[in-house]
There are 2 protein chains.
Amino acid sequence: MPRSTTSQQQQPERPKASERPYHHGDLRRAILRAALDAIADDGPSALSLRDLARRAGVSHAAPAHHFKDRTGLLTAIAAEGHALLAAALAEAGDLRDAGVRYVRFAREHPAHFQVMFRPELLREGDLELTTARALSREQLRTAVTTARPETLDADPRLAGIAAWSLSHGFATLLLSDNLDAVVGDQDPEEVFRTATELLFPSAPPSPSP
Amino acid sequence: MPRSTTSQQQQPERPKASERPYHHGDLRRAILRAALDAIADDGPSALSLRDLARRAGVSHAAPAHHFKDRTGLLTAIAAEGHALLAAALAEAGDLRDAGVRYVRFAREHPAHFQVMFRPELLREGDLELTTARALSREQLRTAVTTARPETLDADPRLAGIAAWSLSHGFATLLLSDNLDAVVGDQDPEEVFRTATELLFPSAPPSPSP
DNA sequence: CGTCGAATCTAGTCATTGACAAGTTTGTGG
DNA sequence: CCACAAACTTGTCAATGACTAGATTCGACG
C-alpha cells in the first residue's frame with residue numbers, strides 16, 4: 001500500500017550487515033510472532049512480508065526462505081491454529097463446553113482464527129495444514145458424538161453442523177466487532193454460554209454434596 | 001500481485017481513445033458488477049482496481065472518480081449488501097424463516113456478504129453504510145422480537161445473538177467451502193432449516209385440510 | 001445557439017509490494 | 001580443512017493504489 005498515512009511507527013535502525021550476526025537465530029519464530037500481531041490488528045489482507053522483515057531486522061527477502069511466499073506463511077499459521085484448536089477441544093467436557101472453548105480459542109488466537117477457515121488465503125495441498133485440520137475436525141466430531149444433550153440425539157450430523165455454526169458465527173461476529181453493542185462489557189464467553197442454554201437444555205447439575 | 005501465474009484471461013483490446021466514447025455511460029455500475037464477480041471468485045483481498053478498470057475498458061484511474069479508492073468501493077458494496085439483506089429479511093414470516101433468508105442472501109450475494117461484516121475493509125464513517133447497516137440491524141431485531149418460538153421468550157437479546165450467530169456461522173462456513181463434506185449435494189438451505197429444527201421447536205404446522 | 005462550469009475520464013508519476021535470481025556468509029559433517 | 005547445505009543479502013521486475021494535472025463531454029442557463 002502506497003503512501004501509508006496510517007499510524008506508522010518509526011522503524012528502528014537496522015545495523016549494517018557487518019555489525020549484526022548474519023544468522024538471526026530464530027527468524028522463523030520471530031516472523032511468525034510479528035505476523036500474528038499484524039493480523040490480529042489489521043486482518044490478513046494488511047499483512048506485508050517486507051514489513052515483517054523490517055520488524056525482525058532482516059532483509060526483505062529473508063522471510064521467503066522460511067515460508068516460500070505469503071501463502072506459505074498464512075498456511076503455516078493456519079496449520080498451527082488447527083493444532084491449537086484441536087488441543088483446546090480435546091479437553092472439553094460436554095458439547096457446550098466445547099463451544100465455549102471454541103469461542104475462547106478465537107479470542108485468544110484471533111490471528112490464527114482469522115486465517116484458518118479461508119481457503120483462498122491458503123496453500124490447499126500443504127501436508128502440515130491437511131493433517132492439522134484433520135485433527136481439529138476430528139475433535140469437533142468427538143465433541144458432538146460424545147456428551148451431547150438428548151435433544152440432539154436424533155441426527156448427530158445435523159447437530160454437529162448446528163453446534164459448529166453457532167460457535168463459529170458467534171466467534172466470527174465477535175472478532176469482527178459486530179457484537180460490541182450487544183455484548184457490551186460483559187464477558188463474551190459467559191454471554192455465549194447463556195445464549196446456548198436458551199437453545200438446548202443444560203446438562204443435569206453435577207452431583208456434588 | 002506480480003507475475004500472476006494463475007488463470008489469466010486475455011484482456012480484450014481497448015480501442016484507442018479516439019475510437020471510443022469518452023464517457024462510458026454507466027461506469028459506476030459496470031465497475032460494481034465486475035467487482036462483485038471478482039470478489040465472489042477470489043475474495044475481497046484479490047480485488048484490483050486496475051483490473052476492474054481493464055475489464056470495463058477504461059483507464060486505470062477511472063474507478064477512483066466513482067469510488068474514491070479501494071475502501072470506497074468496498075464500502076459501497078457493503079452498503080448495497082445491507083440494503084439487500086434488509087429487504088430480504090423484511091418479508092420473513094417467523095424467526096426460522098428469517099434465518100433461512102439470511103443464508104439464502106449469503107448464497108445469492110456472496111460478494112456482498114463477504115464484505116459487509118468486515119470493518120477493516122470499510123470506511124466506517126460513511127453515511128450510506130451507516131444508514132443501510134442500521135436498516136438491516138433493525139430487521140434482525142424485528143425478526144427476533146416478533147414471531148419466535150416460546151423457548152426463546154426468556155431473553156430476546158440473547159435469542160437475537162443466538163439466532164444471528166447460528167445463521168451467520170452457517171452462511172460463513174458454507175461460503176468458505178468448510179461444509180462441503182457435510183452438506184454434500186443437498187440443498188444448503190434445507191440442511192440449515194432442518195438443523196435449526198433440532199435446536200428449537202418448529203412452529204405448529206399450518207392448519208391446512 | 002452559445003458558453004461556461006461541473007462531471008467524467010485519460011495520462012503520467014511515485015512509493016510500496018511480492019516474487020524471483022544470484023551472490024555472500026555461516027554452520028556442519030566428512 | 002574442505003565441500004556443501006542452510007540462512008541471509010542485494011538487486012531487479014511487474015503490478016498495484018493513490019495522487020496530480022489535463023483533456024473531453026455533458027448540461028443548464030442565458
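Order of the sequence lines fixes the chain letters, A, B, ..., with proteins taken first and strands second; residue numbering starts at 1 for each chain.
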- Query: From the list dA19(C), dT9(D), dA18(D), which nucleotide is the closest neighbour of the side chain of R70(A)?
  - Reply: dA19(C)
- Atom CG of D51(A) to atom P of dA15(C): distance rounded to whole Å? 18 Å
- Task: Determine the interplanar angle of the H109(B) and H112(B) rings, folded into 0 to 90°, and report it as parallel if under 30°, tilted if 30 to 60°, perpendicular if over 60°.
- Result: perpendicular
- Message: Using whole Å, what does the distance between atom C1' of nucleotide dA7(C) and atom CG of D26(B) come to?
- Response: 15 Å
- Message: Can you confirm whether or not the ring centre of F105(B) sits under 6.0 Å from the ring centre of H82(B)?
- Response: no
- Message: Nearest whole Å is fine: how far is dT17(C) C1' from D42(A) CG?
- Response: 16 Å
- Note on the structure: From the candidates dC8(D), dT17(C), dT10(C), the one with an atom nearest any side-chain atom of S48(A) is dT17(C)
- Query: For dC9(C), does OP1 or OP2 lie under 4.0 Å from any side-chain N or O of H65(B)?
  - Reply: no
- Query: Counting any heavy atom closer than 4.0 Å, what does R50(A) reach on the DNA or RNA strands: base, sugar-phosphate only, or nothing?
  - Reply: base
- Query: In whole Å, what is the span from the CZ atom of F67(A) to the P atom of dT17(C)?
  - Reply: 18 Å
- Quick one: is dA7(C) close enough that its OP1 or OP2 comes under 4.0 Å of any side-chain N or O from R28(B)? no
- Determine: side-chain N/O of K68(A) to OP1/OP2 of dA19(C), distance under 4.0 Å, yes or no. no
- Side chain of H60(B): nearest nucleotide among dT13(C), dC8(D), dG11(D)? dT13(C)
- Could you tell me whether D37(B) and R33(B) make a salt bridge, using a distance below 4.0 angstrom between a side-chain N and a carboxylate O? no
- Note on the structure: Quick note, A62(A) side chain, CB onward, closest among dA18(D), dC8(D), dA19(C) is dC8(D)
- Query: Between F113(B) and H168(B), is the ring centre distance below 6.0 Å?
  - Reply: yes
- Message: Counting the atoms with a prime plus P, OP1 and OP2 as sugar-phosphate, which does L52(B) contact under 4.0 Å by heavy atoms, base, sugar-phosphate, or nothing?
- Response: nothing
- Query: Out of dC9(C), dC20(C), dC8(D), which has the shortest distance to the side chain of L27(B)?
  - Reply: dC9(C)
- Message: Regarding D126(B) and R133(B), does a basic nitrogen lie under 4.0 Å from an acidic carboxylate oxygen?
- Response: no
